[in-house]
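Notes for the one structure printed next.
Each ligand, and each atom within it, is numbered from 1 in the order the structure gives.
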Amino acid sequence: MPGRTIPQPVEAVPETAPPIVELANVSKTFGQGRQEVSALEHIRLAIGRGEFVTVVGPSGCGKSTLFNILAGLTEADPGASIRYGGQPRAAKELLGKVAFMPQRDLLLPWRRVVDNAILPLQVEGMSRAEALKRAAPMFPEFGLAGFEKHYPHQLSGGMRQRVALMRTFLFERDLTLLDEPFGALDALTRSLMQRWLLEVWQRHQRTILFITHDVDEAIFLGDRVVVMTARPGRIKLVLDVKLPRPRDAEIVTSPEFIQIKRQVLAAIEEESLKSFQQATGG
Ligand code: ADP
Ligand code: MG
């Protein structure tokens with residue numbers, strides 16, 4: 001109809017809450033000249049509140065670097081945009097914004113379990129008494145009741161991982177980063193820990209970004225699986241995992257699971273081959 005103007009909305013108000021974190025154009029180069037290594041290239045990723053997002057990719061593709069950037073420990077190359085809760089953030093503002101369990105999360109051998117668990121709260125300035133009060137109810141939940149006063153060397157590998165996880169969960173942040181937390185565990189312990197982690201995630205309503213090199217683990221845990229390319233790490237593929245929750249061990253045999261696994265494996269195999277060729281100079 002000529003002459004008639006259609007009223008336009010002044011501003012489109014998003015119906016959903018802004019993502020917890022939004023990355024755009026995140027790249028990272030280490031070193032200079034002939035030593036230069038491009039670890040990450042143009043990462044664009046948004047994580048919604050309450051999501052469980054898993055990241056898989058060949059070794060050396062920049063997964064841990066991405067976490068270090070999110071945690072404010074490594075600065076991205078200029079031009080990157082990182083937003084938390086809708087607000088743009090400079091690298092130095094990111095420190096302490098997330099709960100972060102690094103890939104090699106060593107417990108301090110001279111601190112008892114409980115004192116390892118409350119360490120980040122103390123670093124933040126909380127008194128020991130207050131931190132202990134917060135930690136107390138979490139010991140049974142993390143399968144550590146009765147082990148509060150033990151030293152790390154007195155625990156099994158699975159228990160030490162639970163102490164590190166408990167420490168990460170005690171540090172309540174909008175976003176929790178877990179870098180291959182079950183990498184060193186045997187298959188049975190690992191599968192128990194995965195189901196347990198899903199329960200903890202749902203009970204505490206956290207938002208989790210989780211790195212793994214285990215495709216089954218990525219699909220079993222995730223709402224979405226992010227597959228990265230060989231170095232320089234880019235996002236190759238993001239798959240929605242629409243498997244019902246709660247998930248049990250049997251779900252890995254369902255046709256839906258196998259279908260997703262095929263796609264992830266095909267993408268990873270392509271990238272692992274590239275990464276192998278890089279390493280062998282082929
Ligand atoms: P992933 O966790 O996917 O295995 P990383 O993020 O640890 O990969 O490493 C990605 C690439 O960046 C690797 O080639 C690694 O050697 C390099 N790298 C990581 N951190 C540094 C650093 N601090 N200095 C120089 N190179 C680094
Ligand atoms: Mg890593």
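The closest approach between Gly62 and ligand 1 falls below 4.0 Å for a heavy atom of the residue. At least one heavy atom of Gly60 sits closer than 4.0 Å to an atom of ligand 1.
Polar contact check, Gln103 against ligand 1: no nitrogen or oxygen pair lies under 3.5 Å apart.
The one candidate from Arg245, Lys242, Arg49 that meets the salt bridge (charged side-chain N to carboxylate O under 4.0 Å, His left out) condition with Asp223 is Arg245. Partner of Thr212 under the side chain to side chain contact (heavy atoms under 4.5 Å, CB included) criterion, out of Ile219, Val56, Val225: Val56 alone. Among the candidates Val21, Ile20, Val98, the single residue satisfying the side chain to side chain contact (heavy atoms under 4.5 Å, CB included) test with Asp174 is Ile20. With respect to His204, the side-chain hydrogen bond (donor to acceptor under 3.5 Å, both in side chains) criterion is satisfied by exactly one of Glu199, Glu141, Glu172: Glu141.
For a distance bound of 2.8 Å, the N, O or S atoms of Ser64 include one lying that close to the Mg ion (ligand 2). Contact annotation: Gln103 places an N, O or S atom under 2.8 Å from the Mg ion (ligand 2).
By heavy-atom distance, the residue among Ser64, Gly233, Pro232 lying nearest atom 7 (O) of ligand 1 is Ser64. Closest heavy-atom approach to atom 9 (O) of ligand 1 among the candidates Thr65, Leu73, Asp179: Thr65.
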Please walk me through it: do Asp216 and Lys261 pass salt bridge (Lys or Arg N to Asp or Glu O under 4.0 Å)? CA-CA 7 Å; Asp216 284 294; Lys261 186 170 171 178; 3.1 Å; yes

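Within the 4.0 angstrom cut-off, atom 16 (O) of ligand 1 has no protein heavy-atom neighbours.
Close approach of ligand 1 to Ser59 is summarised as follows: ligand atoms under 4.0 Å from at least one heavy atom of the residue are 4 (O).
Relative ring orientation between Phe67 and Phe100 is described as perpendicular, the plane-to-plane angle rising above 60° on a 0-90° scale split at 30° and 60°.
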